[in-house]
Amino acid sequence: SALERRLETLRGECGGQPLESLLIAPVQRLCKYPLLLRELLGALKPNSADRPALEAAAALVGAAADRVNADVRAAENAATMRRVAIEIDYTLPNNTPLLSPTRTLLHDADAEQLRIDEPELRGSHRRTPARLLLFSDGLLVAEPIREPIRGIRRSNGRGSLRARKWIALNRAKVSRDEGDAGGDEGGAYVFVGGDGDDEVFVLSGGTKAAVELVAAFDAAVGAHAAQVKASSNRFSMSRAGIPNFLRRRSGQGNLRRPS
């Protein structure tokens, strides 16, 4: 057809690139446009007549790039959370659903729990495989599910991990043993606790993995505290705009219930 012949001509003029590549090019270059506009602004004189228009364009393009990056991060997190939800055999303790629009997986580490509370166990039996998953609002301790015995299927037929303990971020504690405990792998030991029941884990990735987990936990706690504070400030500001007579409980003020 005439359209196909025209597209073939354009493909030759564009270095042989297919139409799909040309259509996606503006989106792929979106993050480059703010840099280009900033360079142009840097080359302009402060009193240039073109500066206001370029500054407005740079602000609009920058905001669009931020929205695209935020959407990409949200899509990646949603895919990651779906994968984790499939991998874990059950909901969180207290029947709390794992999937939540506000929950983000921040860090994931393989580990072995040290059964130091059972001194009669020896050798490899003293270590239990575990998985530590740090989310934006809590820490999940999971353990592998053993293969079904005698062909008995699992309760829901999916998942390779069982959620054993969920610790809310505002009650969780994660620290690292920087001493000589455990010999050569002492630096890989981390203490995980909440509500007074500390447990000891040794990270499969060694000292580096332990350092990364503690750093991710500290950053998550800081971000969570800042978010709670911001929410509290917004609530206080919203209450500040409410008239005093509306704050009084019914029957103690002049506010009457509609009949």
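All of these numbers come straight from a predicted model, not from anything done at the bench.
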Mind listing the closest non-hydrogen atom pair of [X] and [Y] along with its distance?
X	Y	result
Cys31	Asn69	SG-OD1, 3.8 Å
Leu41	Ala58	CD1-CB, 4.2 Å
Pro129	Pro144	O-CD, 3.2 Å
Leu133	Ala142	CD1-CB, 4.2 Å
Val141	Phe201	CG1-CZ, 3.8 Å
Val214	Ser175	CG2-C, 4.1 Å

Contacts of Ser100 that satisfy side chain to side chain donor-acceptor pair (under 3.5 Å) - sequence neighbours left out: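 Applying side chain to side chain donor-acceptor pair (under 3.5 Å) to Ser100 gives Thr102.
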Student check: side-chain heavy atoms of Leu132 and His107 closer than 4.5 Å: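 In short, these two side chains do not touch, never coming nearer than 4.5 Å.
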Side-chain touch Thr104/Thr80, heavy atoms, less than 4.5 angstrom: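 Thr104 vs Thr80: side chains apart.
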Show every salt bridge (charged side-chain N to carboxylate O under 4.0 Å, His left out) that has at least one partner inside [range], sequence neighbours left out.
range	result
residues 44-65	Arg51-Glu55
residues 104-114	Asp108-Arg131, Asp110-Arg131, Glu112-Arg127
residues 211-223	none
residues 59-85	Arg83-Glu87

Count I, L, V, M, F, W, Y as connected when their side-chain heavy atoms are under 4.5 Å apart, and connections chain through other members. Are [X] and [Y] then in the same cluster?
X	Y	value
Leu60	Tyr33	no
Val61	Val72	yes
Leu35	Leu30	no
Leu161	Leu99	yes

For the [atom1] atom of [X] and the [atom2] atom of [Y], what is their distance to the nearest 0.5 Å?
X	Y	atom1	atom2	result
Leu203	Lys208	CG	NZ	12.5 Å
Leu105	Leu134	CG	CG	7.5 Å
His224	Phe135	NE2	CZ	14.0 Å
Arg164	Gln113	CZ	CD	4.5 Å

Stepwise side-chain contact (heavy atoms from CB on, under 4.5 Å) test for Arg176 and Thr207: CA-CA 9 Å; Arg176 188 172 69 90; Thr207 302; 3.6 Å; yes
Pairs where residues 133-144 contributes a residue and the test side-chain hydrogen bond (donor to acceptor under 3.5 Å, both in side chains) is met, not counting sequence neighbours: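 Those involving residues 133-144 are Arg103-Asp137.
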